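Below is one structure, written out as structure tokens, with a few remarks after it.
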Amino acid sequence: MKKVCICTLGCRVNQYESVSIAEALQEKGFTVTKDEENCDYYLLNTCSVTGESQRQSRQLARRFALRGKVAVIGCASQNQKEDFLSIPGVFYVGGCGDKLAVVSAIAGDPAGDHVTSMEKVPYEPMSVRGKSDLFSTCRAYIKIQDGCSGKCTYCIIPTLRGKTRSRDGEEILAEASRLVKAGYREIVLTGIETSAYNKLSLGELISRLGDLREDGLLRVRLGSLSIGSLTPSFLETIGNTPNFMPHLHLSLQSGSTPVLRRMMRPYTAEAAMEKILLMKETLPRFQLSADFITGFPGETEEDYLATEAFVRKAGMMHIHAFPYSEREGTPAAEMEDAIPKEIRKSRCARLNAVSAELKKEIMDSFTGKTVHVLTEKIKNGVATGHTEEFMECTFPAESAAVGEVTEVTVLGNEKGRLTGNERK
């Protein structure tokens, strides 16, 4: 039986797609693994959101090519297919369209360039049944949407992924039901622009997933969400859905209105903060995380400090901060007033330091409280999982079991993790 190693870079959408491809390969008789050793084929699902992720994608393709036959798909190869076609050992290069075609390619070895145009492409039917170990033991992703119709000046992804298109709501609900029956206790709805999902309202989709709680769906989460989604009706819906977890991850990018305008983001910093404060008033248990870019062209020190102040006022539990990376073909790459890379990185490090400070304060506030932890693994007698607020937690496993929720009394936190004991 031939063995295929699948390596996935980038977003949760890529991770979902890799699982779907893995299950299709298994149906054709292949053994699928994340282990690089002694494989016949290597499938690399690439990322191009930054220059570094593009570079890492090429580096991995070269490394895998020394071990076996390599197939490459995803955003990096959609963006720069010639770079991958030139690597000896890479026999198949696809992009972001018709990703499942790589299954037939591996089974039949057709060579060459299979990158297609992303103009007016339909939503590619994909599904998972929970038969792959590429997911965690109890958390699964469901892709509900692909592409983006936004015009953010820094982003190459709409060009590579195509315009937004959504998956049928009943298909999503049926897949969720299958995954719950397969043993998954947490589902994360994800997409390239999750807030753009439009086959049902996002609130209705979440509410209907709440009906699966009795079947064993203990937790529902969302991938990255646009600030515009935080309407009073949406907040009411998620607050009333018993298995929707009290944590949201927002795509914000800056806390400075002048920078947001240069980015062509569809909101101001003031409007974003108003939405966040409404959420905190409506749903006081909810914790926030968010994405930010530092060193965007024209960003002044004052702009950066406005972002820092924004993060503090919002009380972010965690942020993903990235130094701005030019992407060829985007308007921002041609902008004047480029910020030196050392300043971009310095501001990123400063913002991450603020994030670490806030995270510690929030986690310290849980000391002595009881949290509910969904155990994801147990090793050497220590259980590890996440709280409802999406904080990682470890504790000595006494009655805890993987896939079950345990009440834990928090004793403190170490290295960004809560620590505690099972509640007696």
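Fair warning: this is a prediction, and the values are worked out from it, not measured in the lab.
- With 3.5 Å as the limit, one finds no donor-acceptor pair spanning the side chains of Glu236 and Thr282.
- Residues Arg213 and Leu217 fail the side-chain proximity criterion, which asks for heavy atoms closer than 4.5 Å.
- Residues Glu392 and Thr384 bring no donor and acceptor atom of their side chains to less than 3.5 Å of each other.
- Counting heavy atoms from C-beta outward, Thr46 and Ile73 have side chains that stay 4.5 Å or more apart.
- Using a 4.0 Å cut-off between charged nitrogen and carboxylate oxygen, Asp215 and Lys181 do not count as a salt-bridge pair.
- With sequence neighbours left out, Lys3 forms a side-chain contact (heavy atoms from CB on, under 4.5 Å) with Thr31, Thr33, Cys39, Asp40.
- Between the side chains of Thr50 and Glu52, not a single donor N or O lies within less than 3.5 Å of an accepting N or O.
- For Lys199 and Glu170, the salt-bridge test fails: no basic side-chain N is under 4.0 Å from an acidic carboxylate O.
- A salt bridge links Glu27 with Arg129: the distance from a Lys NZ or Arg NE/NH1/NH2 to an Asp or Glu carboxylate oxygen falls below 4.0 Å.
- Each of Arg285, Gln287, Arg219, His247 was compared with Glu388 under the side-chain hydrogen bond (donor to acceptor under 3.5 Å, both in side chains) criterion, and only Arg285 meets it.
- For the pair Glu175 and Arg178, the salt-bridge criterion is met [side-chain N within less than 4.0 Å of a carboxylate O].
- Taking 4.5 Å as the limit, every side-chain heavy atom of Ser226 sits out of range of all side-chain heavy atoms of Ser251.
- Lys163 has no carboxylate O lying under 4.0 Å from a charged side-chain N of Glu193, or vice versa, which leaves the two without a salt bridge.
- For Gln54 and Gln80, the side-chain atoms include at least one donor-acceptor pair closer than 3.5 Å.
- Among residue pairs with one or both ends in residues 309-324, those qualifying as side chain to side chain donor-acceptor pair (under 3.5 Å) are Asp291-His320, Arg312-Glu357, His318-His320; sequence neighbours excluded.
- Looking at Thr294, Asp303, Val354 one by one, the single match for side chain to side chain contact (heavy atoms under 4.5 Å, CB included) with Glu308 turns out to be Val354.
- Relative ring orientation between Tyr92 and His114 is described as parallel, the plane-to-plane angle staying below 30° on a 0-90° scale split at 30° and 60°.
- Using a 4.0 Å cut-off between a side-chain N of Lys or Arg and a carboxylate O of Asp or Glu, Glu124 and Lys99 do not qualify as a salt bridge.
- For Tyr42, the ring-ring contact (aromatic ring centres under 6.0 Å, His included) test picks out Phe64, with sequence neighbours left out.
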